[in-house]
2 protein chains.
Amino acid sequence: MPARILVAEDDLKQAELIRRYLEREGHLTVVVHDGRAAIDEARRRSPDLLVLDVMMPKVDGLDVCRVLRADGEVPIIMLTARSTEDDLLLGLDLGADDYLTKPYNPRELVARVRTVLRRTRSRAEGQVYRVGELEIDPIRHEVRLAGRLVEVTPAEFKILACLAASPGRAFSRQQLLEHAFGFDHYVFDRTIDVHVMNLRKKIEPSPGTPAYLKTVYGVGYKLADATTVVASDAP
Amino acid sequence: MPARILVAEDDLKQAELIRRYLEREGHLTVVVHDGRAAIDEARRRSPDLLVLDVMMPKVDGLDVCRVLRADGEVPIIMLTARSTEDDLLLGLDLGADDYLTKPYNPRELVARVRTVLRRTRSRAEGQVYRVGELEIDPIRHEVRLAGRLVEVTPAEFKILACLAASPGRAFSRQQLLEHAFGFDHYVFDRTIDVHVMNLRKKIEPSPGTPAYLKTVYGVGYKLADATTVVASDAP
DNA sequence: CGGAGCGGTGAAGAACCTGTGAAGGAGCCG
DNA sequence: CGGCTCCTTCACAGGTTCTTCACCGCTCCG
């Protein structure tokens, strides 16, 4: 499973070393050299993982961590030269998923990366997604509406789970095909429409004016998030 | 030994902090933010441990404790802001296995978790899995249906035990092969079908419409859990 | 207001999935 | 060695689901 990893490290040689090791593992990396850029790139790309040096120009690694933690949940591995327990705890408190103290063995980093990725991935599969009265449980492979079980087909489930993982986010049909069925799935993307229609028949109180599965004209589909569902109750 | 831990804490930051610390220990966590969800998830997943904040919206932590204690024996660690002896005693009376008063050191929590798990695991060794009238006893290597011994083959037993360890969870055929027979077991995964069919003949009242060994179309199989068995009695 | 493009929908064949009987073969035990 | 149980594979049937296509109504925008 290749991951998209953002590396923030001001020492060019170190950065290059890290990049090499990660790419040898098959990951896709983007490298930046200061805290400001780290924040920008992390926001723009939402990578699967951020490898973050603590001491960096412009914005300190700890601050990067704080900022990013405030607006999302990118997994973060911190690299720190200092090794006092206080710093360590501070890093974890700020939301780092793991940390390494310099000097470290690059292969150690690769191992930690693997661990954190496995953790965050299994976490994503373990959570039950809830939107309004709708529940999607990937472990049990069940969909419930107001507690009542709803029968859905495999394709419908995949699409719904993909949408539910990021409520409110609009997906193009192509993205849904890729995320839900895998990259090398050569099908006409209007197929998604049919599955969405069938889903609506099953989970929407009135399929004509969907409360959950929203159409984003010219783009694709999205699952209404809590805000939207509530808002539509009292417009 | 990684454990599956349910964390119920309404403060998002606190919850995230706890999750991180527990996952760094190698545990699998699922996080919920209110008492209602805590009860639902605890029932659905039967986690190895519940970390439970006392003050929570919808349903109070103490009530969650009371409810769960009534229908099972999930180990519980309570987190409480109040520190009067009354609350403490109340918590323990209600069946918490341990408690921590805020503010607490996260590492203290990790230590308590370790202790409680050690304690409950020795208690849980040789646990008999029960689903409806079905009992699977890994120690005695026996399967009983309504108290009557059912003869099953080794392969059938492994599959059934694997399913019974996580009732309600859907397993792919590949997962069943791996979990039940080991990783380097290169067999055609449809073999699982044959074993399931033979199991059904032995334990299902009417193998045509199975009550225990459910097919998850396009995915694999699952063992119905209490919820599902009850639900199918009164649709 | 009109046109171009986009999404909704029903139908139908293709593709896929599971249940099941049968058969070959491995391992075990007397 | 013979007989037994068990595991695995295979092939086919029957049912379910996926995909495509064609057509229509709707939306957006000039």
Side-chain angles (χ1 to χ4, degrees), chain A residues 141 143 150-163 170-182 184-224, chain B residues 141 143 150-163 170-182 184-224:
Chain A
H141 216 266
V143 176
V150 179
E151 301 279 346
V152 299
T153 69
E156 288 162 11
F157 188 89
K158 285 179 190 157
I159 291 171
L160 194 52
C162 179
L163 291 170
F171 290 83
S172 71
R173 292 172 175 74
Q174 204 54 47
Q175 285 175 318
L176 286 171
L177 281 178
E178 287 178 5
H179 287 212
F181 299 93
D184 48 355
H185 198 80
Y186 302 107
V187 294
F188 184 39
D189 61 2
R190 292 292 308 276
T191 299
I192 294 290
D193 293 29
V194 179
H195 290 308
V196 169
M197 177 186 67
N198 292 327
L199 269 172
R200 282 177 174 156
K201 285 180 186 163
K202 294 177 181 178
I203 66 174
E204 295 287 359
S206 65
T209 55
Y212 295 106
L213 290 164
K214 303 278 195 185
T215 302
V216 184
Y217 194 93
V219 179
Y221 297 97
K222 72 155 87 168
L223 190 64
Chain B
H141 213 265
V143 176
V150 178
E151 300 281 346
V152 298
T153 70
E156 288 163 10
F157 188 87
K158 285 179 190 159
I159 291 171
L160 193 52
C162 179
L163 291 170
F171 290 84
S172 70
R173 292 173 175 74
Q174 206 53 49
Q175 285 175 319
L176 286 172
L177 282 178
E178 288 176 3
H179 288 202
F181 299 95
D184 49 353
H185 200 81
Y186 299 108
V187 294
F188 184 39
D189 60 3
R190 292 290 311 274
T191 300
I192 294 290
D193 293 29
V194 179
H195 291 308
V196 169
M197 179 184 67
N198 292 328
L199 270 172
R200 280 176 175 157
K201 284 178 185 161
K202 294 176 180 177
I203 67 174
E204 294 286 359
S206 65
T209 55
Y212 295 106
L213 289 164
K214 303 276 195 184
T215 301
V216 185
Y217 193 97
V219 179
Y221 297 97
K222 72 159 77 171
L223 190 64

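Numbers restart at 1 for each chain; the letters A, B, ... are given by sequence-line order, proteins then strands. Just so it is clear, the structure is predicted and the values come from calculations on it, not from any experiment.
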Pairs under 3.5 angstrom only: tabulate donor-acceptor contacts from the side chains of residues 153-160 of chain A to other protein residues two or more places apart or in another chain.
unit_1: T153(A); atom_1: OG1; unit_2: E156(A); atom_2: N; d: 3.3
unit_1: E156(A); atom_1: OE1; unit_2: T153(A); atom_2: N; d: 3.1
unit_1: E156(A); atom_1: OE1; unit_2: K202(A); atom_2: NZ; d: 2.8

Legend entry - Side-chain N,O (T215(A)) to OP1/OP2 (dC6(C)) below 4.0 Å: no
Inset, instruction - Measure from the side-chain heavy atoms of Y217(A) and tell me the nearest of dG5(C), dG8(C), dC18(D). - result: dG5(C)
Legend entry - Whole-Å distance separating the CE atom of M197(B) from the C1' atom of dT8(D): 12 Å
Inset, instruction - Select one nucleotide: of dT9(C), dT18(C), dC7(D), the one nearest the side-chain heavy atoms of P154(B). - result: dC7(D)
Inset, instruction - Please state how far atom CZ in F157(B) lies from atom C1' in dC7(D), giving the value in whole angstrom units. - result: 18 Å
Legend entry - Atom-pair distance (NZ on K202(B); P on dT5(D)), nearest Å: 12 Å
Inset, instruction - Give, for atom CD of E178(B) and atom CD of Q174(B), the distance between the pair rounded to the nearest 0.5 Å. - result: 5.5 Å
Legend entry - Side chain of V194(B) (C-beta onward), nearest among dG7(C), dG21(C), dT18(C): dG21(C)
Inset, instruction - Looking only at side-chain atoms of V187(A), point me to the closest of dC18(D), dG10(C), dT20(D). - result: dT20(D)
Inset, instruction - Starting at atom CD1 of I192(B), determine the distance to atom P of dT18(C), rounded to an integer number of angstrom. - result: 12 Å
Legend entry - Whole angstrom value for the distance that separates P of dT18(C) from NZ of K222(B): 14 Å
Inset, instruction - Specify the closest pair of heavy atoms between A224(A) and A211(A), including all atoms of both residues, with the distance to one decimal. - result: CB-O, 3.3 Å
Inset, instruction - Measure the CZ-CG distance between R173(B) and D189(B) for me, rounded to the nearest 0.5 Å. - result: 6.5 Å
Inset, instruction - For E204(A) and T209(A), indicate whether the former's side chain and the latter's backbone hold a donor-acceptor pair under 3.5 Å. - result: no
Inset, instruction - Would you kindly compare K201(B) and V216(B) by the position of their nearest DNA chain C nucleotide and give the one closer to the 5′ end? - result: V216(B)
Legend entry - Under-4.0 Å side-chain N/O to phosphate OP1/OP2 contact, R173(A) with dC6(C): no
Legend entry - Whole-Å distance separating the NZ atom of K214(A) from the P atom of dC6(C): 22 Å
Legend entry - Residue T153(B), side-chain atoms from C-beta onward, closest of dC6(D), dG10(C), dT20(D): dC6(D)
Legend entry - Position toward the 5' end of DNA chain D (nearest nucleotide), F188(A) or A155(B): A155(B)
Legend entry - Interatomic distance, D193(B) CG vs dG14(D) P [rounded to whole Å]: 18 Å
Inset, instruction - Looking at every strand, decide which applies to Y221(A) at a 4.0 Å heavy-atom threshold: base, sugar-phosphate, or nothing. - result: sugar-phosphate
Legend entry - Donor-acceptor pair, side chain of R200(A) and main chain of L213(A), under 3.5 angstrom: yes
Legend entry - H195(B) side-chain proximity, nearest of dT20(D), dT8(D), dG10(C): dT8(D)
Inset, instruction - Check the distance between dT5(D)'s C1' and E151(B)'s CD and give it to me in whole angstrom. - result: 12 Å
Legend entry - Nucleotide nearest T191(A) when distance is taken to its side chain, options dT8(D), dT19(D), dT9(C): dT19(D)
Inset, instruction - Consider the side chain of R190(B), meaning its heavy atoms from C-beta on, and name the nucleotide among dC21(D), dG19(C), dC18(D) that approaches it most closely. - result: dG19(C)
